[in-house]
Amino acid sequence: MAFVVKSPFCVSRTTWRGNNNMLNPSSDSRIVKSVGIRINSRLPAGRDFSVKMSSAQVESLQLVPTVAPPKDLGIPIMVNGCTGKMGRAVLEAAMAAGLNPVPVVLGGPDDSGKILDFGGKQIEVHGPSDRESVLSSAFSDYPNLIVVDYTLPAAVNDNAALYCKVGVPFVMGTTGGDRELLYKTVADSNVYAVISPQMGKQVVAFLAAMEIMAKQFPDAFSGYNLQVMESHQASKVDISGTAKAVITCFEDLGASFERDQIQLIRDPRMQIEMVGVPEEHLNGHAFHMYHLTSPDGSVSFEFQHNVCGRSIYAEGTVDAVLFLAKKVKSNSDKRIYDMIDVLREGNMR
């Protein structure tokens, strides 16, 4: 009996499974049941963006949408870290959704003084030296401002402390930092915030489902062997936080696994030939596969979620901004949220 949901772009992983004995660790055992859950995401079609770069002092990212102009929602946003790929993706998605970027953002010392042009909107990048005065001034000019942070792990705690000091609501999409300190800083300040290391709505829903299953059916996979493969762009050297969270759920379900057994695929050739990553997404993807095998090798379960590009995270971030703006406007008692809260709220685009 098999329940498999496949996406047209997803090619066979037979080579990878075969090389790693994923389908059947015992060559003499016949698999009689296999369950696969595959969640695949690609960049949305129907939107064409032309990117033009100007001089060294002004970086022009002129977005030329082929669809009708979005409705102006009147929510001002500051996307800190928008000189990076993730920050740019968020700014593009935000503008497409009708959010209004303010003319200033915060960045690192190397980006200070740069002027970015996003679809005709010029945005000046300010470095660490004047970041507090810039943020305070922007918050004064735009009282409904929501800050989005996609900077660096090393900057998470300092940035959060700044947002809390100024009192501006923010969405923290940057991973890393001292997470315990992060939550304490926000809680002590009483500032509104959405904090989540995973902004992809569908991936968050999958994680939530795994957590529910682990709580309601502990040891359901007792004795099963777990194998994990995750492939990301070569620049990501650490283990995916999402993979760690899913593995924890499987461990609660009774599966046997050692964290050093995770197969980290970072070589582009292997990603194309063994994992099946489209070549155009080698520099931005997240492919995860979790394979469970019964002790006698007669039953296997496979869970898989593949993401190409960054749009799934960018769109989830925009939903988090819209969600947070509503909470601020309604003066909600709760101040700290995550993407599960955003999902439960519903009304997502």
Could I get the full list of side chain to side chain contact (heavy atoms under 4.5 Å, CB included) partners for Pro197, not counting sequence neighbours?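 Pro197 satisfies side chain to side chain contact (heavy atoms under 4.5 Å, CB included) with Thr175, Arg179 once adjacent residues are dropped.
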Asp260, CG atom: more than 12 neighbouring heavy atoms under 6.0 Å: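 Enclosed: over 12 neighbouring heavy atoms sit under 6.0 Å from CG of Asp260.
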Side chain to side chain, Val299 and Tyr224, heavy atoms closer than 4.5 Å: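 Sidechains of Tyr224 and Val299: in contact.
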Is there side-chain contact between Lys121 and Pro103, with at least one heavy-atom pair below 4.5 Å?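 Counting from C-beta outward, Lys121 and Pro103 never come under 4.5 Å.
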Between [X] and [Y], does at least one N-O distance fall below 4.0 Å, as a salt bridge requires?
X	Y	answer
Glu345	Lys326	no
Glu92	Arg310	no
Glu124	Lys114	no
Asp252	Lys215	no
Lys244	Glu230	no

Distance alone, cut at 3.5 Å: any donor-acceptor contact between the side chains of [X] and [Y]?
X	Y	value
Asn80	Tyr163	yes
Asp111	Thr83	yes
Asn159	Thr151	yes

Mind checking what makes side chain to side chain donor-acceptor pair (under 3.5 Å) contact with Lys184, not counting sequence neighbours?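 Partners of Lys184 by the side chain to side chain donor-acceptor pair (under 3.5 Å) criterion, ordered by chain and then number, come out as Asp188.
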Distance flag, aromatic centroids of Phe323 and Tyr337, threshold under 6.0 Å: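 Ring-ring flag for Tyr337/Phe323: true, centres closer than 6.0 Å.
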Compute the ring centroids of Phe301 and Phe221, then answer whether they are less than 6.0 Å apart.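 Ring centroids of Phe301 and Phe221 are less than 6.0 Å from each other.
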Keeping the roles fixed (side chain from Ser112, backbone from Gly127), state whether a donor-acceptor pair exists under 3.5 Å.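 Between the backbone of Gly127 and the side chain of Ser112 there is a qualifying donor-acceptor contact (under 3.5 Å).
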Give the ring-plane orientation class for His305 versus His288, where under 30° counts as parallel, over 60° as perpendicular and anything between as tilted.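 Tilted, since the angle between the ring planes falls between 30° and 60°.
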